Amino acid sequence: LIREEERPAEQQQQALLAPRAARAAAAAAAGTAAGHSLGPRSRSGTPQEAPSDGEQYGEPAWARGKLKKAKGASKKKQHGGGSEPGPPVEGAVLRVEEWLLDVDEAGRPLTQQESQGPAPPAPASRSLSRRDASAFVRAARRYGREGQLPAIAAEVGGAVEEAGPQQQLSLWRALVGGCKRALKQAQAGEQLHEAKDVTLDFFGCAVKAADLNQHLSSMSLLAKRIDALTAAQQDPAAAFRLEAAAVPPAAKWGKAIGWTPRDDAALLLGVYYHGLGHWKEVIGDARLGLQAKLAGVLAGREEGGGAAAAAGDKAGLQPKASYLETRVLGVLRKMWLSNNKVAPTGKPSRPAPKPAAAAAAGAAPGALPPKKAAAARAAALAAAGITVQRKPAST
């Protein structure tokens, strides 16, 4: 038995021997009964925050951190994290932020008669994350044609790969059509833009509309020529050749390895088969015959080893992946310009004035400009021995 006068001391001793969790629970209960919820007080008398569940049960800090991270990830997943487009691109002429899902086999939105139901409110659509949009633009540039949509979707992954063929075609049409609409809108707008500066906002991803539109047109032209050879039952590796106007001058590395226009044609054929940038597959394709000349692209300096190879690489005499991509883009551009009869500078030439317009302006057809006409008159007078005295300049 404990006497009455010894009970406070005994209770104090038991409180000191109690575990930390029990002391915290008792302090919290005492604080609640006193009318505040700040938990136990420190030795100095200042309120302290109540311990968390992990602290009460002795969980280490790293375990509590993982728990918080898992909770945050679950919340992000519930809210559909990663599916929202990026912020608007500054200076963009047009923004594409809708991916239509109710489309036909050609990727066009269904009309009211074709869709199910009496009067659907609007075709179903969804958004696309900036990351997936950027990956889709890179893959579209790599393969460059609608027929490679399965490979494009597999490279992008995510929502694009999970979508059906019709929905993938709808996204392709949104990108290609967006570039064309941005160019037309820039030309028709009050603020004049140069074609190279027109930017398309594709789900928050900045796209150079003119550059991508021309590249896709060049890849489409390449595909038409190769498909025509295949339809005529000819081997493209043996029959595909480039016109002289479509072949740029040879680069330094090309002269060093004996690069020819036939190799340019084989390189374009490899891009058609495997995609731009997949140089391992292009060089390893035995049909193209590029292994001997482009072996250094894959091997790098390790195969040559030594200071001579390093010096040659520094001088730009060894082929690199970036050199091949620049070469392909240059050949595609010249082929596109040759097919469309466009001046290489990209600036439209000033047409010659018509005879009627020249006569209306007070000049005879075929008349020389004023400076040339004055020089011709001076030469004629000098040949006739006539000296023309000029007036002294006034001070």
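Just so it is clear, the model here is predicted, and its values are computed rather than measured.
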According to the side chain to side chain donor-acceptor pair (under 3.5 Å) rule, which pairs have a member within [range], sequence neighbours left out?
| range | answer |
| --- | --- |
| residues 166-182 | none |
| residues 137-152 | Arg141-Asp211, Arg142-Glu155, Tyr143-Glu155 |
| residues 215-237 | Asp227-Tyr272 |

Euclidean distance, [Y] [atom2] relative to [X] [atom1], rounded to 0.5 Å:
| X | Y | atom1 | atom2 | result |
| --- | --- | --- | --- | --- |
| Ile283 | Leu298 | CD1 | CG | 4.0 Å |
| Leu329 | Lys334 | CG | NZ | 14.5 Å |
| Thr199 | Lys208 | OG1 | NZ | 4.0 Å |
| Ser127 | Phe203 | OG | CZ | 5.5 Å |
| Cys179 | Leu212 | SG | CG | 4.5 Å |
| Asp132 | Cys205 | CG | SG | 11.0 Å |

What are the two closest heavy atoms between [X] and [Y], and how far apart are they?
| X | Y | value |
| --- | --- | --- |
| Val156 | Ala139 | CG2-CB, 4.0 Å |
| Ala92 | Leu200 | CB-C, 4.5 Å |
| Pro248 | Val331 | CD-CG2, 3.5 Å |
| Pro150 | Gly147 | CD-O, 3.9 Å |
| Val198 | Ala186 | CG2-CB, 3.7 Å |
| Leu276 | Val271 | N-CG1, 3.8 Å |

So, do [X] and [Y] sit near enough that their side-chain heavy atoms are less than 4.5 Å apart?
| X | Y | value |
| --- | --- | --- |
| Leu332 | Leu222 | yes |
| Arg333 | Gln214 | yes |
| Leu269 | Val282 | no |
| Ile226 | Leu229 | no |
| Met219 | Leu216 | no |
| Leu171 | Phe202 | yes |
| Gln185 | Leu94 | yes |
| Val297 | Lys320 | no |

*Does Asn340 reach the main-chain N or O of Trp336 with its side chain, forming a donor-acceptor pair under 3.5 Å?*
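Side chain of Asn340 to backbone of Trp336: a pair is present.
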*asked:* Can you pull out every ring-ring contact (aromatic ring centres under 6.0 Å, His included) where at least one residue sits in residues 232-252? Sequence neighbours excluded, please.
replied: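 Passing the test, one end in residues 232-252: no pairs.
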_Contact list for residues 255-278, test salt bridge (Lys or Arg N to Asp or Glu O under 4.0 Å), sequence neighbours left out_ =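 Applying salt bridge (Lys or Arg N to Asp or Glu O under 4.0 Å) to every pair that reaches into residues 255-278, excluding sequence neighbours, yields Asp263-Lys293, Asp264-Arg327.
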*Which is it for Trp253 and Leu324 under the side-chain contact (heavy atoms from CB on, under 4.5 Å) test, yes or no, and what are the steps along the way?*
CA-CA 10 Å; Trp253 62 268; Leu324 296 182; 3.9 Å; yes
*Please indicate whether Gln291 has more than 12 foreign heavy atoms, meaning atoms of other residues, nucleotides or ligands, lying under 6.0 Å from its CD.*
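Enclosed: over 12 neighbouring heavy atoms sit under 6.0 Å from CD of Gln291.
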_Using the side chain to side chain donor-acceptor pair (under 3.5 Å) criterion, which residues pair with Arg95? Sequence neighbours excluded._
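With neighbours one apart ignored, the set is Glu97, Asp201.
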*Same cluster for Val93 and Val89 if Ile/Leu/Val/Met/Phe/Trp/Tyr side chains link at under 4.5 Å?*
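Not linked; separate clusters.
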